[in-house]
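Notes for the one structure printed next.
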Amino acid sequence: MSDQETLISVRDLQLSFGPKIIQQKVSFDLKKGSIFAVMGGSGCGKSTLLRSIVGLLRPTEGQIMVGGDDYWAQDDARRTAINRRYGVLFQNGALWSSMTVGENVALPLEMFTDLKPDAIEQLVRLKLGLVGMEHAIDLFPFEISGGMRKRAGLARAIALEPDILFFDEPSAGLDPITSARLDDLILTLRDGLGATIVIVSHELPSLFTIADDGIFLDAVTHRPIAHGSPRELHDNCTIPEVTAFMHRSASIPSQTEQKAEQHV
Amino acid sequence: MTQNSSTSLSTKTASSPSWSVESTAAGVCLTIKGKWTALTGEAMLFPQDALPPAKAGQTLTFDANGLDGWDSSFITFVWNVKRAAGQASLSFDSQALPASAQRLLALLPEKTEKPAPHQENKEGILAHIGGATLNTLQEIGTVSSLALQVVKGAVQAVRGKSSMRLKDLLVDIWNAGPSALLIVSVVNFLVGAILAFVGLLELRKFAAEIYVTNLVGIASAREISAIMTAIIMAGRTGGAYAARISTMQGNEEIDALQVTGIPLAGYILLPSILSLVIMMPFLYLYGTMVAIFGGFVVSMSMMDLSPIGYWLSTFDGVDLSQFAFGFVKSLFFAGFIALAACRVGLKAGRSAADVGIAATRAVVIGIVGVIALDAVFAIIANAAGI
């Protein structure tokens with residue numbers, strides 16, 4: 001994979017909230033066409049890392065190099081221009097609640113293209129059709145379910161034909177079947193659109209299926225402790241935190257509480 | 001042999017919980033009897049010093065043959081025993097307890113854990129003052145740049161190149177205008193009536209009742225209606241803006257806008273601010289009329305003056321410049337309330353409680369700010385001789 005073009009190169013990144021360090025010494029390369037997984041337990045800073053890459057949180061140290069430019073050294077206009085190549089799916093879809101699903105997908109197109117309204121409507125129908133949501137075009141976000149909101153968010157994220165798609169916990173809060181369908185959809189879109197994908201998740205099934213590179217963040221030392229695809233880490237990694245995560249083991253047997261409850 | 005029973009069995013029924021400790025050759029044995037349920041029985045405590053003296057390294061065992069049902073009160077008790085045993089360096093053998101109780105106990109630590117301290121802010125008073133000053137300056141900068149962006153957005157809107165959606169503006173105008181008419185009417189009517197009532201009582205002493213028209217007219221046109229309407233709108237619309245924007249914040253909608261590169265100023269702030277700035281002066285004019293009408297109703301019932309005479313006297317006594325002054329003030333009040341509310345909403349945290357805090361702050365800042373602004377206007381007017 002080393003011969004592929006590097007889209008984003010993260011170098012010694014440090015992320016903090018005030019005096020509290022979330023992650024430090026984070027370095028990785030995002031190769032074109034890959035699906036990159038950001039792994040780690042809850043609260044280790046996965047989503048924070050994603051936010052700093054897409055321009056929502058300024059890192060306290062280090063660089064995010066995009067096409068040879070230091071992303072955070074650019075001015076707002078230049079960063080917005082870089083962001084035009086990104087599509088982001090937020091945890092709960094983050095649909096704009098005052099607009100219908102269709103208007104949500106249409107807004108970026110209206111804002112950044114000179115297309116005529118009927119051309120925009122065609123595109124909106126296409127994107128919604130790809131995620132199986134064309135019927136919901138006139139519904140408001142509060143009228144549809146959580147899974148549908150995520151799919152609509154996905155349609156909005158791919159509205160401007162992004163080169164890189166970012167997913168923040170795509171399967172969180174979804175049942176296994178819906179989440180498996182979303183995984184399939186992500187894979188299909190990757191192949192169809194030729195997009196590179198960065199995915200933040202602690203859900204193992206989705207990670208194993210789709211990611212082919214990744215980084216593992218540790219919540220205790222606030223550093224990345226392993227690099228590689230989830231499959232590689234699952235099979236070969238010997239770091240205890242990573243094996244525990246990958247094999248879903250914890251020090252407490254999971255049935256203890258259930259059995260005790262029956263007695264009480 | 002030491003015998004130590006905490007309850008005398010004779011006064012209790014057979015299923016009452018009871019316990020006793022005795023020293024044995026291997027260490028200590030704790031006998032437990034009865035039904036240990038917290039909700040139907042009584043909670044039992046294990047005193048720190050209840051363990052008989054034993055050598056370190058000996059074992060604490062249980063005899064739970066007489067145990068007849070248990071819940072968390074039992075676990076609480078045994079946990080206390082476990083910690084007491086830990087302090088006395090006895091090894092803790094829970095094998096005689098029910099298996100599920102053993103598993104619960106295994107989850108609990110042997111020593112009491114200290115509650116984690118809150119993150120303390122240990123900076124000195126000077127650093128505190130300095131930090132607050134810097135924050136204030138930064139906040140002024142942020143709000144100014146927001147205001148500038150909104151003005152730019154408004155100019156773009158006039159040229160027809162705005163990112164603002166007309167639908168959003170119309171919805172906001174409806175909320176900030178027509179739907180506020182009722183409360184604006186009620187408050188201004190009552191204020192006008194009160195002014196007339198109090199004024200009449202005082203003016204009557206000087207046989208100057210006719211001047212009540214000037215009193216009500218000037219007071220409401222110049223000050224009261226502008227302030228009252230602004231306070232109503234700060235509570236009604238300002239709070240709503242802050243709550244709406246902070247909810248969008250919690251739902252990551254603001255993040256989605258920023259990532260997509262859709263300007264917040266044009267898209268979120270402009271419709272909110274513009275709608276209030278457009279509607280507030282009209283609400284003010286309407287409120288002034290209603291206040292004068294309130295004064296009129298009271299005056300008609302309390303003094304001997306023809307209706308036409310009252311209105312003629314009002315328009316004679318209240319100069320048009322008074323209305324102009326109130327009109328300009330209400331423009332500034334509207335801008336301030338809307339901008340402050342939007343800023344508070346954008347700055348809010350992401351939890352449900354933060355939405356409430358943001359709404360409260362927006363209303364408080366709005367009301368206090370309006371009154372402070374009014375004082376500034378009074379000083380300027382005095383200096384300019386208006």
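All values reported here derive from a predicted model rather than from experimental measurement.
- Of all non-hydrogen atoms in A:Arg51 and B:Asp255, the two that sit nearest each other are NH1-OD2, 2.8 Å.
- Using a cut-off of 4.0 Å between Lys/Arg side-chain N and Asp/Glu carboxylate O, A:Glu110 and B:Arg165 are scored as not salt-bridged.
- Counting non-hydrogen atoms of other residues, nucleotides and ligands closer than 6.0 Å to CD1 of B:Ile125 gives a total of 12 or fewer.
- Pairing each heavy atom of A:Ala94 with each of B:Ala256, the nearest pair is O-CB, 4.0 Å.
- Remark: B:Asn135 CG is packed, more than 12 non-hydrogen atoms of other residues, nucleotides or ligands lying under 6.0 Å away.
- Heavy-atom distances place both the backbone and the side chain of B:Leu257 under 4.5 Å from chain A.
- Heavy atoms of A:Arg79 lying under 4.5 Å from chain B are absent altogether.
- With a threshold of 4.5 angstrom between heavy atoms, A:Tyr86 does not approach chain B through any atom at all.
- Only the backbone of A:Leu95 has a heavy atom closer than 4.5 Å to any heavy atom of chain B.
- Judged purely by atom type and a 3.5 angstrom limit, B:Glu253 uses its side chain to pair as donor or acceptor with the backbone of A:Ser97.
- Residue A:Phe112 touches chain B through its side chain alone, counting heavy-atom pairs closer than 4.5 Å.
- The CG atom of A:Asn83 sits 11.5 Å away from atom CD1 of B:Ile262, with the distance rounded to the nearest 0.5 Å.
- Taking every heavy atom of both residues into account, B:Tyr267 and A:Ser98 meet most closely at OH-OG, 4.3 Å.
- Of the inter-residue distances, the one linking A:Trp96 atom CH2 with B:Thr260 atom OG1 reads 4.0 Å to the nearest 0.5 angstrom.
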